[in-house]
Amino acid sequence: AQSVTQLDSQVPVFEEAPVELRCNYSSSVSVYLFWYVQYPNQGLQLLLKYLSGSTLVKGINGFEAEFNKSQTSFHLRKPSVHISDTAEYFCAVSLSNFNKFYFGSGTKLNVKP
Amino acid sequence: DGGITQSPKYLFRKEGQNVTLSCEQNLNHDAMYWYRQDPGQGLRLIYYSQIVNDFQKGDIAEGYSVSREKKESFPLTVTSAQKNPTAFYLCASSQPGQGISEAFFGQGTRLTVV
């Protein structure tokens, strides 16, 4: 069975500081990996995705993530956060042979001035 | 603009009543999904459909029903058998078979039992 673990439920950080949101997954087969962002009372918006190729993936709003197969991780990073990055972030995986998505429990990023 | 439309945005239901949440997409996607979101629990899959006239139960299907009579529409009915229906419901779609595409989400429906 596939599972996604987001290790931190909340991450407080000051504006302009770097941030890393952690995501680990378990799967016995190849997976595709995604990070989504959700603002209050809205749907999810794709930040970035890893399908194949370079393990460092760049997304929108200055975010990037690195796929580490040996550690089964896909951590999200941003070198300098803004107040507007305050939101909830979800990591998701999909099996390479089946378009079904499994989501982590989410990490709330709170950027403080 | 292509996208997914969920309606209504807010819905109130009395105990014992069935309610239907609408989800329409104009992305020409074959696959559609319904997720339930509760605080601290992430997204849990209720039902999904890979093709018209076919759908499968997800992890928490009890107390819910769906239909997929048209490619663009995937309504979710929350029945009186669902013991704790108050939640935020998200509909999504994707296009399997063309590489792996991400899921596209609607803006959600917040259901409250009163």
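Proteins come first, then strands; the chains are lettered A, B, ... in the order of their sequence lines, and each starts at number 1. What you see is a predicted model; the values in this text were computed from it and never measured.
Clustering ILVMFWY residues whenever any of their side-chain heavy atoms sit less than 4.5 angstrom apart, transitively, puts A:Tyr32 in the very cluster that holds B:Tyr48. No chain of hydrophobic side-chain contacts below 4.5 Å, direct or via other Ile, Leu, Val, Met, Phe, Trp or Tyr residues, connects B:Ile4 to B:Tyr89. Residues B:Ile51 and B:Phe74 do not share a hydrophobic cluster, clusters being chains of Ile/Leu/Val/Met/Phe/Trp/Tyr side chains in contact below 4.5 Å. Criterion: ILVMFWY side-chain heavy atoms under 4.5 Å apart, direct or through other members. Under it, B:Tyr10 and B:Val78 are not part of a common hydrophobic cluster.
For a residue to count as touching a neighbouring chain, one of its non-hydrogen atoms must lie under 4.5 Å from one of that chain's; by this rule A:Leu44 touches chain B with backbone and side chain alike. B:Leu43 touches chain A through backbone and side chain together, each having a heavy atom under 4.5 Å away. Neither the backbone nor the side chain of A:Gln45 has a heavy atom closer than 4.5 Å to any heavy atom of chain B. Within the 4.5 angstrom heavy-atom criterion, only backbone atoms of B:Gln41 (N, CA, C, O) approach chain A. Contacts of A:Gln38 with chain B are made by side-chain atoms alone, with heavy-atom separations under 4.5 Å and no backbone atom involved.
Scanning both residues, A:Ser105 and B:Gly40, for their nearest heavy atoms gives CB-O, 3.7 Å.
Heavy atoms of other residues, nucleotides or ligands lying less than 6.0 angstrom from NZ of B:Lys9 number more than 12. The number of heavy atoms from other shown groups lying within 6.0 Å of CG (A:Leu56) is above 12. The neighbour count for A:Lys108 NZ, taken as heavy atoms of other residues, nucleotides or ligands under 6.0 Å away, does not exceed 12. More than 12 heavy atoms of other residues, nucleotides or ligands shown are found within 6.0 angstrom of NZ on A:Lys112.
Formation of a donor-acceptor pair under 3.5 Å by the A:Tyr36 side chain with backbone atoms of B:Ala103 is found in this model.
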Could you give me the CA-CA distance, side-chain angles and deciding distance for B:Tyr35 and A:Phe103, then say whether ring-ring contact (aromatic ring centres under 6.0 Å, His included) is met?
-> CA-CA 10 Å; B:Tyr35 290 92; A:Phe103 287 84; 5.3 Å; yes
After noting the C-alpha distance and the side-chain angles of B:Leu45 and A:Lys100, does the key distance pass the side chain to side chain contact (heavy atoms under 4.5 Å, CB included) rule?
-> CA-CA 9 Å; B:Leu45 184 63; A:Lys100 185 178 173 184; 3.5 Å; yes
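Atom CD in B:Glu102 sits 3.5 Å away from atom NZ in A:Lys49 (nearest 0.5 Å). Considering CZ of A:Phe90 and CD of B:Gln37, their distance stands at 4.5 Å, rounded to 0.5 Å.
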